[in-house]
Each structure stands twice: as structure tokens, then as C-alpha cells.
Amino acid sequence: QVQLRESGGGLVQPGGSLRLSCEASGRPGARYHMAWFRQAPGKGREPVAAIDMSGTSTYYHYSVKGRFTITRDGDKNTIDLQMNDPQAEDTAVYYCNAGGTYYQNSYHPSEDYWGQGVQVAVSS
């Protein structure tokens with residue numbers, strides 16, 4: 001069983017910055033491709049950024065390229081999402097996913113391993 005623990009959500013002003021973190025635990029020695037998704041009110045869940053298990057390949061949704069950065073902590077299953085210059089349209093619940101497939105810079109989420117989500121609200 002894999003548990004995902006997210007942290008770092010909250011209220012941020014447009015143009016500010018916010019950092020989200022997610023740690024996957026429960027299976028010693030396992031490594032995962034991991035990703036952040038988000039779901040805004042009235043919309044479907046969409047991928048925001050993903051990173052492969054080696055940390056050398058990343059994916060970004062076109063709307064966050066150049067503003068958001070996904071990183072992982074060395075050999076750990078811990079990822080961060082640095083959100084710079086957030087805008088109102090980035091307001092959503094952000095979910096961490098682990099254990100999906102990552103191929104040709106495309107991440108397909110695991111159905112089993114989702115975090116509970118953290119709220120990000122961008123407002124002045």
C-alpha cells in the first residue's frame with residue numbers, strides 16, 4: 001500500500017509564489033514516476049506537471065510552462081511543485097499521483113495512488 005502526503009497549499013496573490021510538496025511512502029525501495037494534477041471548480045482533472053523516477057525527464061502543461069517547476073528529492077519519492085507567477089486560472093485543488101506510466105514526456109496516472117488534494121487559491 002502506498003500513501004501520498006501533500007502539503008503547501010493555501011492562498012497566494014497573483015504574481016507571488018507557492019510551493020507544493022508530496023511524499024509517497026509505504027513500499028521500501030520502490031521508486032515511482034510522479035505527477036501533479038489539478039481540478040478547478042466545474043472542470044475535469046488535468047495534468048499539471050510530471051517527473052520520471054530518475055528525475056531527468058519532466059512534462060508540463062502548456063499553461064504552466066515557464067512558471068511552474070517540478071523537482072524530486074534525489075532517491076526519495078518526494079516531489080515539489082514550485083509555482084511562480086500564479087494567476088487566477090491556477091486556482092484549483094492540486095492532487096499528487098504516483099506509480100503511473102511515463103513515456104515520451106507523457107504521464108498516465110495510476111488509478112490507485114492519489115493524494116487527498118491541497119487547495120490553491122490565487123487571489124488578491
Side-chain angles (χ1 to χ4, degrees):
Q1 189 69 15
V2 176
Q3 295 84 38
L4 299 180
R5 183 176 63 186
E6 301 148 327
S7 61
L11 175 65
V12 61
Q13 293 187 343
S17 64
L18 193 68
R19 192 174 188 91
L20 307 183
S21 295
C22 173
E23 178 183 10
S25 62
R27 300 180 71 178
R31 286 180 60 78
Y32 308 103
H33 304 308
M34 298 180 69
W36 286 98
F37 286 70
R38 67 186 179 188
Q39 187 165 16
K43 295 187 177 181
R45 193 172 294 189
E46 66 178 7
V48 177
I51 190 165
D52 73 342
M53 64 175 66
S54 72
T56 59
S57 182
T58 55
Y59 157 86
Y60 294 96
H61 190 270
Y62 72 91
S63 66
V64 307
K65 277 185 178 179
R67 300 188 297 122
F68 294 6
T69 302
I70 188 169
T71 55
R72 71 184 302 146
D73 184 1
D75 293 335
K76 299 179 182 178
N77 290 312
T78 300
I79 60 171
D80 288 343
L81 184 69
Q82 179 67 38
M83 303 170 63
N84 294 332
D85 190 26
Q87 302 299 315
E89 54 266 32
D90 296 316
T91 294
V93 178
Y94 283 70
Y95 297 90
C96 180
N97 183 269
T101 59
Y102 189 97
Y103 179 70
Q104 293 185 339
N105 294 103
S106 179
Y107 182 88
H108 300 277
S110 160
E111 292 300 320
D112 296 328
Y113 303 139
W114 287 98
Q116 292 187 332
V118 291
Q119 177 69 54
V120 172
V122 184
S123 175
S124 57

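Side-chain atoms of S57 and N105 include a donor-acceptor pair closer than 3.5 Å. With 3.5 Å as the limit, one finds no donor-acceptor pair spanning the side chains of Y59 and S106.
F37 CZ to H61 NE2: the interatomic distance, rounded to the nearest 0.5 Å, is 10.5 Å. The CD1 atom of I70 sits 8.0 Å away from the CH2 atom of W36 when rounded to the nearest 0.5 Å. Here the OG1 atom belonging to T69 is positioned 4.5 Å from the OH atom belonging to Y60, to the nearest 0.5 angstrom.
Judged by distance alone, with hydrogens and angles left aside, the side-chain atoms of E6 form a donor-acceptor pair with the main-chain N or O of C96 at under 3.5 Å. With D52 contributing its side chain and G55 its backbone, the two residues share a donor-acceptor pair below 3.5 Å. A donor-acceptor distance shorter than 3.5 angstrom exists from the side chain of Y107 to the backbone of G100, with no hydrogens or angles considered. For H33 (side chain) and T101 (main-chain N/O), no donor-acceptor pair under 3.5 Å exists by modelled atom type.
Among all heavy-atom pairs drawn from S17 and P86, the shortest one is N-CD, 4.2 Å. Smallest separation of non-hydrogen atoms from S7 and V118: N-CG1, 4.2 Å. Nearest heavy-atom pair, Y32 versus G99, reported as atom, atom and distance to 0.1 Å: CB-N, 3.7 Å. Counting all heavy atoms, side chain and backbone alike, K43 lies closest to Q39 at O-NE2, 3.0 Å. For V93 against G117, the heavy-atom pair with the smallest separation is CG1-CA, 3.9 Å. In this structure, A24 and V2 approach most closely via the heavy-atom pair CB-CG1, 4.2 Å.
N77 has its side chain within reach of R72: a pair of non-hydrogen atoms, C-beta onward, lies under 4.5 Å apart.
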Next on the checklist: side-chain contact (heavy atoms from CB on, under 4.5 Å) for S110 and N97? Distances and angles first, verdict last.
Outcome noted: CA-CA 7 Å; S110 160; N97 183 269; 3.9 Å; yes
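Among residues at least two apart or in separate chains, salt bridge (Lys or Arg N to Asp or Glu O under 4.0 Å) pairs with a member in residues 22-35 are R5-E23. Judged as a side-chain hydrogen bond (donor to acceptor under 3.5 Å, both in side chains), the pairs with a partner in residues 79-95 (not counting sequence neighbours) are, in order, R19-D80, R19-Q82, S21-D80, R38-D90, R38-Y94, R67-D90, Q82-N84, D85-Q87. Residue pairs satisfying the salt bridge (Lys or Arg N to Asp or Glu O under 4.0 Å) criterion with at least one member in residues 93-105, sequence neighbours excluded, are absent. Within the structure, the side-chain hydrogen bond (donor to acceptor under 3.5 Å, both in side chains) test picks out no pair touching residues 112-124 (sequence neighbours left out).
Y103 belongs to no hydrophobic cluster, as no Ile, Leu, Val, Met, Phe, Trp or Tyr side chain comes under 4.5 Å of its own.
Residues passing the side-chain hydrogen bond (donor to acceptor under 3.5 Å, both in side chains) test with T71: none are found, sequence neighbours excluded.
Hydrophobic clustering, with ILVMFWY side chains joined whenever heavy atoms are under 4.5 angstrom apart, keeps V48 apart from Y102. In the hydrophobic cluster analysis, where Ile, Leu, Val, Met, Phe, Trp and Tyr join through side-chain heavy atoms closer than 4.5 angstrom, M83 is grouped together with I79.
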